[in-house]
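Just the heavy atoms: all of them, side chains too, but no hydrogens, waters or symmetry mates, feed the values below. Numbers for residues simply follow the sequence, beginning at 1.
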Amino acid sequence: MNEIKIFSPATVANVACGFDVLGFCLDNIGDEMVIRKTDKKGIHITKIEGFDLPFEAELNVAGVSALAMYEAAKPDCGFEIEIYKNIKPGSGIGSSAASAVGSVFGMNELLGKPYSKTELTQFAIKGEALASKCEHADNLAPAIFGGFTLVKSITPLEILEIPSPEDLYATIIHPQIEIKTSESRAILPKEVPLQDAITQWSNFGSLIHGLHTSDYNLIQKSLHDVIVEPYRSKLIPHYNEVKQASLQNGALGAGISGSGPSIFALSKGLENAEKVKGAMKKVYSETGITFEIHITKINTEGIKIL
């Protein structure tokens with residue numbers, strides 16, 4: 001096999017109380033990429049559709065992660081990368097992660113799968129760091145592993161797969177504005193009050209237990225962020241209205257997807273997810289800001305060959 005076409009999914013990171021460590025994979029939103037072996041050595045990005053991104057490998061997220069893997073693998077070939085970008089950069093649903101993951105997953109398949117999912121995540125971190133100015137894997141891990149993932153540690157990299165309750169749906173609204181991850185990280189406090197930290201890790205532990213036991217009531221009581229949301233929500237127009245409307249229409253919880261501006265809500269069952277969609281749409285229809293809304297099950301497969 002000398003060429004492969006893949007679907008690299010969008011993801012939601014942080015999931016309210018799990019800043020920088022928790023994420024989940026979306027089912028019907030993502031980029032497509034074509035990776036092919038070439039006789040010409042090196043990494044070459046030959047086509048980009050959807051958004052204006054750099055073709056130079058060392059300036060492109062997909063290229064940087066590919067270069068990291070290429071240097072480690074030292075293959076006797078090169079690779080061409082085509083990117084069909086459907087996830088808007090700066091959308092808060094893992095655009096850079098999808099690019100970083102797609103290139104290394106495709107290369108790994110063409111080389112006969114010498115690297116594990118964790119090793120692929122390690123290469124992809126280098127590309128993600130180009131976009132966010134720091135190394136984190138809360139979007140990368142769910143894109144590669146599927147479902148919910150917990151980044152136990154970055155050094156050494158350790159990723160835990162968390163079960164996804166069968167009837168859990170996500171509703172995502174994406175206002176068509178851009179918030180750069182690096183900028184949204186810069187506004188966060190360097191220190192937090194001890195009581196807030198206690199509340200946060202209590203919510204986080206409860207959420208993980210709720211996911212393991214499919215306890216929707218516990219999930220609902222746990223989806224609260226007292227540390228990051230108060231700062232980042234100020235960057236997102238009408239955030240509080242969208243969150244309240246979602247909760248009033250049956251959402252288990254709602255929060256900022258990644259660094260925003262996308263907002264996610266989790267619901268039990270498709271019917272509730274549809275009600276939440278209607279509520280989100282009503283809020284933003286009155287703002288003059290264009291937006292997209294998606295409903296998706298949790299994607300337990302992750303990145304895949306098309």
| said: Working note: Ile256 + Val228, criterion side chain to side chain contact (heavy atoms under 4.5 Å, CB included); need CA distance, chi angles, decisive distance, verdict. | reply: CA-CA 9 Å; Ile256 302 167; Val228 176; 5.8 Å; no

| task | Would you sort out whether Gln248 and Lys275 count as a side chain to side chain contact (heavy atoms under 4.5 Å, CB included), showing the intermediate values? | result | CA-CA 10 Å; Gln248 288 165 6; Lys275 286 181 190 169; over 6 Å; no

| task | Given side chain to side chain contact (heavy atoms under 4.5 Å, CB included), test Phe291 with Ser285 step by step and report yes or no. | result | CA-CA 9 Å; Phe291 61 91; Ser285 293; 3.8 Å; yes

| query | Does the pair Phe51 and Ile87 meet the rule for a side chain to side chain contact (heavy atoms under 4.5 Å, CB included), with working shown? | reply | CA-CA 9 Å; Phe51 294 94; Ile87 312 172; over 6 Å; no

| field | Verdict with supporting geometry, Glu3 and Arg36, salt bridge (charged side-chain N to carboxylate O under 4.0 Å, His left out) | value | CA-CA 4 Å; Glu3 181 174 307; Arg36 72 176 61 86; 2.9 Å; yes

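Residues Ile6 and Ile144 share a single hydrophobic cluster, defined by chaining ILVMFWY side chains whose heavy atoms lie under 4.5 Å apart. Both Leu111 and Ile43 belong to a common hydrophobic cluster when Ile, Leu, Val, Met, Phe, Trp and Tyr are linked at side-chain heavy-atom distances under 4.5 angstrom. Cluster membership for Met69 and Ile154, using ILVMFWY side-chain heavy atoms within less than 4.5 angstrom, is shared. Cluster annotation: Val61 and Val34 are assigned to distinct hydrophobic clusters (Ile/Leu/Val/Met/Phe/Trp/Tyr, side-chain heavy-atom contacts under 4.5 Å, transitive). Linking ILVMFWY side-chain heavy atoms closer than 4.5 Å, directly or via other members, places Leu160 and Phe24 in a single hydrophobic cluster.
Asn108 places a side-chain N or O within donor-acceptor distance of the main-chain N or O of Tyr115, the cut-off being under 3.5 Å. Of the possible donor and acceptor atoms, none in the side chain of Ser202 sits under 3.5 Å from a partner among the backbone N and O of Ile198. Without hydrogens or angle criteria, Tyr216 side chain to Asp167 main chain gives a donor-acceptor distance under 3.5 Å. A donor-acceptor contact shorter than 3.5 Å links the side chain of Asn14 to the backbone of Asp20. Using a distance-only test at 3.5 Å, with no hydrogens or angles considered, no donor-acceptor pair links the side chain of Asn272 to the main chain of Ala251. Listed for the Glu229 side chain is no donor-acceptor partner under 3.5 Å among the backbone atoms of Ile227. With Ser103 contributing its side chain and Gly63 its backbone, the two residues share no donor-acceptor pair below 3.5 Å. A donor-acceptor distance shorter than 3.5 angstrom exists from the side chain of Thr171 to the backbone of Ala273, with no hydrogens or angles considered. Side-chain N or O atoms of Asn86 include none that pairs as donor or acceptor with a backbone N or O of Gly50 at under 3.5 Å. Counting only distance, with no hydrogens or angles, the side chain of Ser65 and the backbone of Ala100 share a donor-acceptor pair below 3.5 Å.
By the 6.0 Å contact criterion, NE2 on His209 is open, its count of non-hydrogen atoms from other residues, nucleotides or ligands being 12 or less. For Lys88, the NZ atom is densely surrounded, since the number of other residues' heavy atoms within 6.0 Å is greater than 12. Around the NZ atom of Lys243, the shell of radius 6.0 Å holds more than 12 heavy atoms that belong to other residues, nucleotides or ligands. Around atom CD of Glu58, more than 12 heavy atoms belonging to other residues, nucleotides or ligands sit under 6.0 Å away. Around atom CD of Glu271, no more than 12 heavy atoms belonging to other residues, nucleotides or ligands sit under 6.0 Å away.
The side-chain heavy atoms of Thr121 and Val151, taken from C-beta on, include no pair separated by under 4.5 Å. When side chains are defined from C-beta on, Ile236 does not count as touching Val242, because their heavy atoms never get closer than 4.5 Å. Within the 4.5 Å cutoff, no side-chain heavy atoms of Phe148 are placed close to those of Glu161. Residues Arg185 and Arg232 meet the side-chain proximity criterion, which asks for heavy atoms closer than 4.5 Å. No side-chain heavy atom of Ile173 sits less than 4.5 Å from a side-chain heavy atom of Ser246. Considering only heavy atoms from C-beta on, Tyr284 comes within 4.5 Å of Pro237 through its side chain. Looking only at side-chain heavy atoms (C-beta outward), Ile45 and Leu53 stay at 4.5 Å or farther from each other. At a threshold of 4.5 Å between non-hydrogen side-chain atoms, the residues Pro261 and Leu235 do not count as touching.
Closest non-hydrogen pair, Ser267 versus Val276, comes out as OG-CG2, 3.6 Å. Between Ala66 and Ile81, the closest heavy-atom pair is CB-CD1, 4.0 Å. The heavy-atom pair separating Ile263 from Met280 by the smallest distance is O-CE, 4.1 Å. Of all heavy-atom pairs between Gly210 and Leu218, the closest is N-CD2, 3.7 Å. Looking at every heavy atom in both residues, Ala143 comes nearest to Val101 through CB-CG2, 4.1 Å. Closest heavy-atom contact between Leu26 and Ala170: CD2-CB, 4.4 Å.
In this structure, CD1 in Ile172 is found 8.0 Å from NE2 in His294, a value given to the nearest 0.5 Å. Taking CG of Asp196 as the reference point, atom CD of Gln200 lies at 8.0 Å (rounded to 0.5 Å). Distance check: Tyr169 OH to Asp27 CG gives 9.5 Å after rounding to the nearest 0.5 Å. Distance check, rounded to the nearest 0.5 Å: CD1 of Ile83 to CD of Glu32 gives 13.0 Å. Note: Asn249 CG to Lys282 NZ = 9.5 Å, rounded to the nearest 0.5 Å. Put simply, CZ on Phe79 and NZ on Lys40 are 14.5 Å apart, with the number rounded to the nearest 0.5 Å.
Remark: of the listed residues Ile162, Thr149, Leu150, Ile303, Thr149 is the sole one forming a side-chain contact (heavy atoms from CB on, under 4.5 Å) with Pro142. Only one option out of Ile208, Val12, Asp138 pairs with Leu22 in a side-chain contact (heavy atoms from CB on, under 4.5 Å); it is Ile208.
Remark: the Ser95 side chain and the Lys85 side chain contain an N/O donor-acceptor pair separated by less than 3.5 Å. Of the N and O atoms on the side chains of Ser8 and Asp31, not one donor lies less than 3.5 Å from an acceptor on the other residue.
Annotation: cation-pi geometry satisfied between Lys234 and Tyr231 (NZ/CZ under 6.0 angstrom from ring centroid, within 45° of ring axis).
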